[in-house]
Amino acid sequence: MSGGGNKVRKIERILRSISPSNYDTLITHGGVQSNHCRVVALKAAEVGKKCILYLHGEDEALRRPSGNLLIMALAGAEIHVVPHKTLWDAFNCGVEECRKAGMRPFVVPGGGHCVAGAEAYVEAMNELGNELKQSDWIPDVIIHASGTGATQAGLAAGLDVLSWPTRLIGISVGRPSPRGKAAVEEMYHEVRDTLRMPGQPREIEFRDEWLCGGYEQASDDVLACIRHVAETEGMILDPTYTGKAFLGLIDLVNKGEIPRGKRVLFWHTGGLMNLLSCRYFGT
Ligand SMILES: Cc1ncc(COP(=O)(O)O)c(C=O)c1O
């Protein structure tokens, strides 16, 4: 799907859990540069459904849309930009209005944060297991950007299915640790319960040392990390998600928390549109 990223698997899996005849509209919410809202808009266009988005942000954003917002608009989504503090009320009213108008909206949870969204990452881990079957390479550590927590919860449950002893480290992109970790744990246990997984649950490792000022904020270290990885690996990171995760990875290696020689898998979750719409690079 255009722009890619971790929200693609989530929407694919969420829509597999419901019959297309049960809804005519996908409705959801997020920020004006939400990857989740972009994939919902594209998916709705692909399957011939209407899409309604409630986005928090500046009103002017729509005048010269860029990045994810531009794609949402191109995909024909009905877009409502509202202030952050009124988002929830506006969204609930929007859903109600749809129903009153005789439409059949399917409410996609913000960020694709639900058990089905997390299950997409149990499946993804299984794919990784199949890919690596032919080799004797199993990661000692997997690192990735963690936000609302469904990706990490699914990856953790996926590791349980594979019975790999791999250490999974989620690098927070905005939430401080107690709250972020609790959100991952809650979803992880829900997924394990839903899939009736036997055995002991694992400890969730959610690290918040590279918040760089908070969600959608980036420090000079993150920007330097993005440049370094682009120049030395030809791999593109972004300032909101993967740049922070990779900065965390480098720090953990430098501090010896990940000993040299360990097999490390960086799970790239996307973020290209966040890079292309960001205000940090340039003169
Ligand atoms: C590019 C990217 N990476 C990582 C994440 C974090 O995923 P999750 O919210 O499932 O923790 C997001 C969520 O918005 C994302 O868009």
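Counting convention: from 1, in listed order, for ligands and their atoms alike. FYI, the numbering just counts along the sequence from 1.
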Next item on the list: Taking only Lys NZ, Arg NE, NH1 and NH2, and the carboxylate oxygens of Asp or Glu, determine whether K181 and E185 approach each other closer than 4.0 Å.
Entry: yes

Margin query: Looking at E205 and R207, is any side-chain nitrogen of the basic one under 4.0 Å from a carboxylate oxygen of the acidic one?
Written below: yes

Notebook entry, point to check: Quick one: ring pair (Phe, Tyr, Trp, His ring centres under 6.0 Å) pairs with a partner in residues 179-212, sequence neighbours left out?
Noted result: none

Item checked: ligand 1: protein residues within heavy-atom distance under 4.0 Å -> N6, K7, K10, N35, A145, S146, G147, T148, G149, A150, T151, Y241, T269, G270, G271

Next item on the list: Taking only Lys NZ, Arg NE, NH1 and NH2, and the carboxylate oxygens of Asp or Glu, determine whether K100 and E97 approach each other closer than 4.0 Å.
Entry: no

Next item on the list: Supply the atom-to-atom distance I226 CD1 to T242 OG1, rounded to the nearest 0.5 angstrom.
Entry: 6.5 Å

Item checked: For the student: nearest non-hydrogen atoms of T148 and K10, plus distance -> OG1-NZ, 4.2 Å

